[in-house]
Amino acid sequence: MSAPEPIPVAELTSRQARAEHKRLAEAVEAADIAYHQNDAPTMDDAAFDALRRRLVAIEAAFPALKASSSASAKVGAKASGKFAKIRHRVPMLSLDNAFTDEAVAEFVQRVHRFLGRRDDEAIAFTAEPKIDGLSLSLRYEKGALVHAATRGDGEEGEDVTVNARTIAEIPQTLSGSDVPDIAEVRGEVYLGHADFAGINERQREKGLPEFANPRNAAAGSLRQLDATITASRPLRFFAYAWGEMPELPAPTQSGVVEVFGRWGFRTNPLMARCETVEALIARYRLIESQRATLGYDIDGVVYKVDDLSLQARLGFVSRAPRWAIAHKFPAELATTVLEAIEIQVGRTGALSPVARLRPVTVGGVVVTNATLHNEDYIRGYDSKGERIRDGEPPDIRVGDTVTVKRAGDVIPRVAAVDLSKRPADAKPYAFPTLCPACGSHATREINPRSGKEDAVRRCTGGLICPAQAVERLKHFVSRDALDIDGLGDKQIEFFHGDPDLPVKEPADIFTLAARDAANLKKLKDKEGFGAQSVAKLFAAIEERRTPPLNRFIFGLGIRHIGETNARLLARHYGSFEALRAAGLAAADPASPERQELDAIDGVGPTVVEALTDFFGEPHNEELLDRLLAQVMPQPLEAVASASPVAGKIVVFTGALERMTRDEAKAMAERLGAKVAGSVSSKTDLLVAGPGAGSKLKDAQKHGVQVIDEAGWFDLVGG
Ligand code: IVH
């Protein structure tokens, strides 16, 4: 366009704004119709986006204009009041952390070992700042931005396309001849320090609450139902990773990121390629030394294996790649006064001491609570009388002046005490031996295997303890479990104590709507609720009547069954009925069900015991019957059902040449197989290398198919 430079939005008079707003709104709407309804675009994406950005910016400055515009409805608030969900075609992973140089060396060693490389065979890594923002996945089709999604739980994020389109540093179209038809570019949305200060200044002026740090402000700005607000905030974006991208433009991490730069993204200038642990650490120190002057927050340095074919071989464990690690900067410290110690009772009855602190800012965040871990930590000695914390004095008392440590997202903790400031009348803390919630005895179990006393004191009240019940309910609806929108900790506490619509166990959640309909006193008339929010809540609950099996299993809060084990069990058993039957029958150590459970790779004796305990408890049986009358867990999507080994039980034995044992196992699991440690009649396939012994004999005895490593690659193709 050869039009004169537009007047900056801040300098427009309201009259000029109204005129320009009208013109822009009409132009945007016409272009939109041309594109979507007539399939005859009248301008390119960049021009269209420039128009829309200006429209949105004007509306941000002159909110009164918003109501009059139909085009702005497309970028404005959604009627639904929340974002649509987008399922990531390639999951968005998180990173494992390293806090010391030694942990970095171990990471590098692990990579070598997994790939079967000697320590002196160099493997190249990239090192780059870990940006403290929020990750975003951008999907381009034929070079045009079609979707932007937040990370969410890694599998499913929120659709923030409209908002992302207002960010100047996110290209609407990619330039270059090597842009593949499908390209999902991922990176970090963040705010610079100066822009963050500006936003808070404006919040202050408007009498609105300020953001605690740039990261929160960036998240709050991106996840706006009103995209005009996003548009008014100068969000930035660094590209550093990718999702679905069938044709990669380069064979290395550093190569692909360089290409991203050519496509129109900003990439971090501090990224470097390093071949030794020493070089990685040197890069870390360099980046750390520049931290204060970068102008944006970083919380560590990320190392990634550079060669993408090695990345593919290394694969993932649970939610994090084996080929990358985040080397975090040391925790930040602050000093304050410990005003009280409170005991919280968790889902499994654990009594956790929490320090109530005089508010203090640690690394930009106001902290009022910190963990004290457990009884021994407060006392300073473990049950054998060994000191467990450095520094003097050994114990922590109410009234003490303490050092609080906060590292990244981790819960702050009380790290040390200043004895010179201890009040003369401070008394040693007496840890309760009765549960503060139900009065039952709280005991420290002796671990039957190690014979050691557990560090955690637990309430023995079990199902009669209201605190445990509430925590279990909170866990059941939490984000990684059933993830029911609008049903958070606060609401669970409310319903648990509500005489009209009590929720005492998971099944009660699903009868809320029916019970409310039958009640004279309606939920919508209660404080904190309204007709709309009640309708939304009931709809969200309805939506979760068919939860994914792994989330359902995880949500039950069975001890030792975290997300990873829940997924493992969901994959192995396929349905909840099958898992439940196995869990019941496996109580008999001689049963085939027990053998099958024992043979699942990754399931140890503690998990087996937890499962048989849980399913064998009559109270749980009744609770499950009631719950399963309301919900229908859905088997895991057959992710790898196309693979020839999906659902098969595979055992590896003998020497392997093309891959290490870890790698073989990871590969089989990626293809949907279950890897077992021993051969039984249930085994489908034995992959035997040279030197195979007793397992080969067992296989012959049970008539199990045996192939060699080459046969394995023929079978799985590659
Ligand atoms: S790579 C598969 N690189 O850190 C690996 N992540 O703790 C994907 N992050 O969710 C992540 N800077 O939001 C990568 N240079 C960087 C990063 C980075 C920040 C964030 C990202 C991720 C989180 C994991």
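Atoms within a ligand are numbered from 1 in the order they appear, just like the ligands themselves.
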Checklist entry - Any donor-acceptor pair under 3.5 Å linking the side chain of Arg291 with the backbone of Leu286? => result no
Checklist entry - So, do Glu563 and Arg319 sit near enough that their side-chain heavy atoms are less than 4.5 Å apart? => result yes
Between ligand 1 and the protein, find all N/O pairs closer than 3.5 Å and give the distance for each.
{"unit_1": "ligand 1", "atom_1": "3 (N)", "unit_2": "Lys304", "atom_2": "NZ", "d": "3.1"}
{"unit_1": "ligand 1", "atom_1": "4 (O)", "unit_2": "Lys130", "atom_2": "NZ", "d": "3.1"}
{"unit_1": "ligand 1", "atom_1": "7 (O)", "unit_2": "Lys130", "atom_2": "NZ", "d": "3.3"}
{"unit_1": "ligand 1", "atom_1": "9 (N)", "unit_2": "Tyr240", "atom_2": "OH", "d": "3.4"}
{"unit_1": "ligand 1", "atom_1": "12 (N)", "unit_2": "Ile131", "atom_2": "N", "d": "3.0"}
{"unit_1": "ligand 1", "atom_1": "13 (O)", "unit_2": "Ser135", "atom_2": "OG", "d": "3.3"}
{"unit_1": "ligand 1", "atom_1": "13 (O)", "unit_2": "Glu188", "atom_2": "OE1", "d": "2.8"}
{"unit_1": "ligand 1", "atom_1": "13 (O)", "unit_2": "Glu188", "atom_2": "OE2", "d": "3.3"}
{"unit_1": "ligand 1", "atom_1": "13 (O)", "unit_2": "Tyr240", "atom_2": "OH", "d": "3.4"}
{"unit_1": "ligand 1", "atom_1": "15 (N)", "unit_2": "Glu128", "atom_2": "OE2", "d": "2.6"}
{"unit_1": "ligand 1", "atom_1": "15 (N)", "unit_2": "Pro129", "atom_2": "O", "d": "3.2"}

Checklist entry - For residues 108-134, which residue pairs qualify under ring-ring contact (aromatic ring centres under 6.0 Å, His included), counting only residues two or more places apart or in two chains? => result Phe107-Phe125
Checklist entry - Can Lys130 and Glu188 be counted as an ion pair, charged N to O under 4.0 angstrom? => result no
Item to check | By ring-ring contact (aromatic ring centres under 6.0 Å, His included) - contacts of Phe552 (at least two apart) | outcome: Phe576
Next on the checklist: Suppose we screen for ring-ring contact (aromatic ring centres under 6.0 Å, His included). Which residues come up paired with Phe238, at least two apart in sequence or across chains?
Outcome noted: Tyr190, Tyr296
